[in-house]
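Below, read A as the first sequence line, B as the second, and so on, with proteins coming before strands; counting in each chain starts at 1.
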Amino acid sequence: MRTRYAPSPTGEPHVGNIRTALFAWLYARHTGGVFILRVEDTDLARIAPGALEAIQESLRWLGLDWDEGPEVGGPHAPYIQSERTRLGVYQEYSQRLLDSGWAYQCYCPPERLDEVRREQQRQKLPPMYDRHCRDPRQREAMGQQHPGAGPVVRFAVPQEGHTAFTDLVRDEITVANATLDDFVLLKSDGFPTYHLSNVVDDRLMEITHVIRGDEWLPSTPRHILLYRALGWDAHMPAFVHLPLILGPDRAKLSKRHGATSVTDYQRLGYLPEALVNFLALLGWSLDDKTELMTREDLVQHFSLERIGKTAAVFNKDKLDWMNGVYIRGLGQEELAERLLPFLERRPELVEGRPKAEPARQGEGGLPDTIARPIDRGYLHAIVPLIQERLKLLSEAPGLVDFFFQQELTYEDKALNALKSPEATRALEAALARLELQSDFSHEALEALLRPMAEELGLKTGVFFGLLRAAVTGRTVSPPLFETMAVLGRTRCLARVKRALGLVR
RNA sequence: GGCGCAUUCGUCUAGCGGCCCAGGACACCUCCCUCUCAAGGAGGAGAUCACCGGUUCGAAUCCGGUAUGCGCUACCA
């Protein structure tokens, strides 16, 4: 089996798009086939600088390796369509269609096309090219009228009959040829349109399964017609149209919906393994129960038969949950490593992150006042305390900053809780005991402090809350005794004293 | 406007004629655990299977129509 992912380098790849890559990759890996990356950059106006790199980075980050394509090469190189255009690949097939009468040159200027379209819309007719230049005499006249502009090549769609094909997801699809217009194959700049380049390259690269988004379903009949016109009937690939991914408003997911590019998710602190798992479940399922699957599980179980037909809303809450599950499943060393770039705010450590971009939401890192590089040994001690409290890697700075601050900043809520004679009395008593305590293991601290609550006539929740506020500056933190143990005796004593100083 | 596709809890989905007055997951609610927050455990609420008609002893599952939604309708992919 040979599948391909054929993105257009117009920007950072978006999750809907990369889901298509995932499915094509999964199918190739599942069948022991070949996964190809092909770049469809035939629209000069739309290509974005750096987009190709972003696509490759995204694929790499998710672990979707390609067997043929940019950088790795392959028997059908080049894999970049602008380069193939320069080699005359599409020109050749366009000429072949011209010679066999399946295509014709069209000299209609854009203004005329616009006008025709407007008129059709006014009359509530389907907007289609009126096939003006399909007539050789008209064509010649038009050519003389507009000598400057290079002509485009259009496909001569049969005006009668139907075109049918089988989609592996949706079964039989039939369209009346009369509803198809004479679409452009070769643009006046000499570059092919998607329809031509896609069909030609899929054949030349011996693609067996065309796996792509549902938005391509309507143009598949054109592609079928092209295969036939080129005499490639016997080599028709199987078509697999994937259900679309929708935003919360149920419209096709796009940039309007906020964070949708793969690199955005990376920056926000999602794990690639979580994203892969989540994306695989958008339009595919194994059974009625299984949801957590590693990349290996997915490769092993993936099948075209179990791809769904209905468009799916991207459920961010569920992704967040799944990301938390994967974070909890990480080894502590591993988690610490992955947390480092988010803590130090060293963008170059977040793989694939293009160098000098301004920090985005969730990317704050620890305050600049905290020395870099941060102490790894200390971080390793902290990690177990926050592991089950993280949904996103980017949440770490907000959870651990108090561990690192030299001069603790107190939340208003925490400070207010300390401002009562009761609180002062409790803190003073605790401080006195802590000063005599040398063992700062969490067990020892608990053994020391828990009985104190009763002595002071305070509920443990209240008493521990006061200590928490004094030692972390927060009303919410990891468990008190473990936190104090990690902070250590010196910091704890200093902080309790400082808190007393602030409220006395 | 034309063409195409789709329609099961708020969301992702299971279901391919009787096992389903519909199962799982996220989110939500309650309780348990508990020093806060999480995590975890136990429950709960939530879907007249879009609607109408047909086929059948029997339909979420098959057929037809309707409605709604989405996609496509460029010298963009």
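For A:Ser8, the listed nucleotide lying nearest its side chain is B:rA77; candidates were B:rU11, B:rG1, B:rA77. Proximity note for A:Arg328 (side chain, C-beta onward) versus B:rC12, B:rG40, B:rG1: the nearest is B:rG40. If you check B:rC5, B:rC35, B:rA74 against the side chain of A:Arg117, the one that comes closest is B:rA74. Taking the side chain of A:Arg450 as heavy atoms from C-beta on, and the options B:rC35, B:rC12, B:rC76, the nearest nucleotide is B:rC35. Closest to the side chain of A:Thr310, out of B:rC75, B:rC12, B:rU13, is B:rU13. Comparing B:rC75, B:rG1, B:rC5 by their closest approach to the side chain of A:Ser188 singles out B:rC75. The side chain of A:Glu291 sits closest to B:rA25 out of B:rC5, B:rA25, B:rA14. In this structure, the nucleotide among B:rC5, B:rA74, B:rA39 sitting nearest to the side chain of A:Leu217 is B:rC5. Looking at the side chain of A:Arg389, the nearest of the listed nucleotides B:rA77, B:rA39, B:rU36 is B:rU36.
Within 4.0 Å of A:Glu40, counting heavy atoms only, lie sugar-phosphate atoms of the nucleic acid but no base atom. Within 4.0 Å (heavy atoms only), A:Pro110 reaches at least one base atom of the nucleic acid. The residue A:Lys187 sits close to a base: some heavy atom pair falls under 4.0 Å. Within the 4.0 angstrom heavy-atom criterion, only backbone atoms of the sugar-phosphate kind lie near A:Arg250; the bases stay farther away. When heavy atoms are screened at a 4.0 angstrom cut-off, A:Thr42 is found touching the sugar-phosphate backbone but no base atom. At the heavy-atom level, A:Gly461 lies under 4.0 Å from the strands shown only through sugar-phosphate atoms. Among the atoms of the strands shown, base atoms are found under 4.0 Å from some heavy atom of A:Arg46.
Heavy-atom neighbours of A:Gln159 CD from other residues, nucleotides or ligands within 6.0 Å: above the threshold of 12.
Using P as the reference atom, B:rG69 and B:rA27 are 30 Å apart when rounded to the nearest Å.
Looking only at distances, no side-chain donor or acceptor of A:Asn323 sits under 3.5 Å from a matching main-chain atom of A:Ala274. Between the A:Asp214 side chain and the A:Leu244 main chain, no donor and acceptor come within less than 3.5 Å of each other.
B:rU61 atom P lies 20 Å from atom CG of A:Asp288, rounded to whole Å.
Between B:rC72 and A:Lys252, a contact under 4.0 Å exists linking OP1 or OP2 to a side-chain N or O.
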